[in-house]
Amino acid sequence: MPLLIKNGRIITESDDYVADVYCHDETVTRIEPGIDPKGLPMASAPLEVIDATGKYVLPGAIDPHVHIHLPFMGTHAIDDYESASKAALAGGTTMLIEMICPGPGDQPFDAFELWRSKAEGLAAVDYTFHMSVVRFEEKVRPQFTKIVQAGVSSFKVFLAYKGALDLSDEHLFAALETARGLGVIVTAHCENAEAVDAMQRRLLAAGRTGPEWHGPSRPPLVEAAGVHHLCAFAQLTGAHVYTVHTSCDEAVREALGARHRGVNVWIEVVTPHLVLDESYAERPDFEGAKYVMSPPLRHKSNQRVLWNGLKSRAISTIGTDHAPFRYAEQKVMGRADFTKIPNGIPTIQERLDLVHTYGVRTGRIDLRTMVDACAAQPARLFGLYPRKGTVRIGGDADLVVYDPAYRGTFSHAASHSKVDYNAYEGWERHGRAEIVTVRGQVQARDGEFVGTLGRGRFLEREATHGD
Ligand code: URP
Ligand code: ZN
Ligand code: ZN
């Protein structure tokens, strides 16, 4: 059914104005003040009219860093495309980019097909993937070309997780060279795997086994060393790179220093690092395990650096790194040894509201920067713009009618993820995605799913990071 959103304050990455938005056949077809429903084509046909007076009309948010199907640390992330889509939509996210993370023995193309099969027929948001490269010897390289031809124009590499996902320097160099040739951007988890491994062993040998030791086993220098290493290889190969979940001053400085030297590097931050600090992982009685992720939560002083980087747009995107593991059955696997706690702080539902409450309302960033980091930049960097990521005529009608006056709290009771806790339980919340549309169809209202599972589409993307 066509949709007319009246009198909303439209916020894009660059504009802020009041107008009506008319959507037909999955796209935005008119944006102007005072659109008269009687003057629309087929005026007698059913039309959904939404009064957005006093509300924001935002482009559907895009989460550039999500894990749904994830075999990891001896277990599996527990969401599926049903729970993850519902959670995403409830929080105003209409498209996500999931990481395909095969094991070292898996065939890359098989992994691509497996991950795609998990989404097909179930996703209620549009989706695409970053293809992880966990080995890159000669014989698997043609498979990556095939994956890029199938529309996946970004790779992922891990410099961390020794013996599991980490890539050797030989393979990293070759992967970056190939990516450059294909015009593919390489996203990277930057922590030095060897240093982490050695420090973990040292801590465990000293009897330091609790979740509070996760952070000390991978301090800022370990992440900065990873960013430096990635950027050096990017400089040598000419590849375009993107540092995921960049958590601290030291790592941001490394990336900006490399950019200053001419390296094409972009920076992502994720919501947990913007609002949580290391004290959460130090909570007693193993409660800290809920807050174990990598890179770890940092000293609070880093948050100012991350928000300021967003404000100046030196930092491009805000993702979530949604990596959902239940506390009761999964986080407890590491009760006697912090290195066995599955890493991840699920946040796919809370991202926009956390950024609005703790970023926009506090004056750390403005609304346009929120839209830029949560929608426009993920679309631009990953070959989706201007179809996605903004509000414009001809773009997909992925829209959020956002009520900035809503007051509530974050809670597990309201969350759609299958995780058994909410890392932000009881926190004050200002704002809510009241209506969320995916290609013109209302998929969520007031935090509840009202749409169609399986409506989400795999979007093929062009490789745009060539010379
Ligand atoms: O702690 C995290 N980040 N878990 C998910 C895997 C990753 O490194 O992104
Ligand atoms: Zn990571
Ligand atoms: Zn991740």
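Both ligands and their constituent atoms are indexed starting at 1 by order of listing.
Closest N/O/S atom of Asp321 to the Zn ion (ligand 3): OD1.
Residue-to-ligand polar distances place Asp321 within reach of ligand 1: an N/O pair is separated by less than 3.5 Å.
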Applying side chain to side chain contact (heavy atoms under 4.5 Å, CB included), run through Val133 and His171 and close with a yes or a no. CA-CA 9 Å; Val133 182; His171 288 193; over 6 Å; no

Going through the distances and angles, do Ser154 and Arg461 end up as a side chain to side chain donor-acceptor pair (under 3.5 Å)? CA-CA 9 Å; Ser154 45; Arg461 297 180 286 129; 2.8 Å; yes

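When rounded to 10 degrees, the angle formed at the Zn ion (ligand 2) by NE2 (His245) and ND1 (His189) equals 90°.
From the protein, the heavy atom lying nearest to atom 9 (O) of ligand 1 is His67 NE2, 3.1 Å. Distance from atom 8 (O) of ligand 1 to its nearest protein heavy atom, with residue and atom name: Tyr161 OH, 2.6 Å. Nearest protein heavy-atom contact of atom 1 (O) of ligand 1 is Ser294 N, 2.8 Å. For atom 4 (N) of ligand 1, the closest non-hydrogen atom of the protein is Asn343 O, 3.1 Å.
With ligand atoms numbered from 1 in the order given, ligand 1 contributes 1 (O) to contacts under 4.0 Å with heavy atoms of Met293. With ligand atoms numbered from 1 in the order given, ligand 1 contributes 1 (O) to contacts under 4.0 Å with heavy atoms of Gly344. The contact set between ligand 1 and His65, taken as ligand atoms under 4.0 Å from a residue heavy atom, comprises 9 (O). For ligand 1, the atoms closer than 4.0 angstrom to any heavy atom of Ala323 are 4 (N), 5 (C).
Shown here is Asp169, whose CG atom has more than 12 heavy atoms of other residues, nucleotides or ligands within 6.0 Å. Within 6.0 Å of atom CD in Glu425, more than 12 heavy atoms from other residues, nucleotides or ligands are found, so the atom counts as buried in its surroundings.
For His65 and His67, the distance between ring centers is under 6.0 angstrom. Aromatic rings from Phe144 and Phe136 are positioned such that their centres are separated by under 6.0 Å. Residues Tyr358 and Trp307 keep their aromatic ring centres 6.0 Å or farther apart.
For the pair Met99 and ligand 1, no heavy-atom separation below 4.0 Å is found.
Of the candidates Phe155, Phe112, Phe382, His130 forms a ring-ring contact (aromatic ring centres under 6.0 Å, His included) with just one, namely Phe382.
At least one N/O/S atom of His67, whether from backbone or side chain, sits less than 2.8 Å from the Zn ion (ligand 3).
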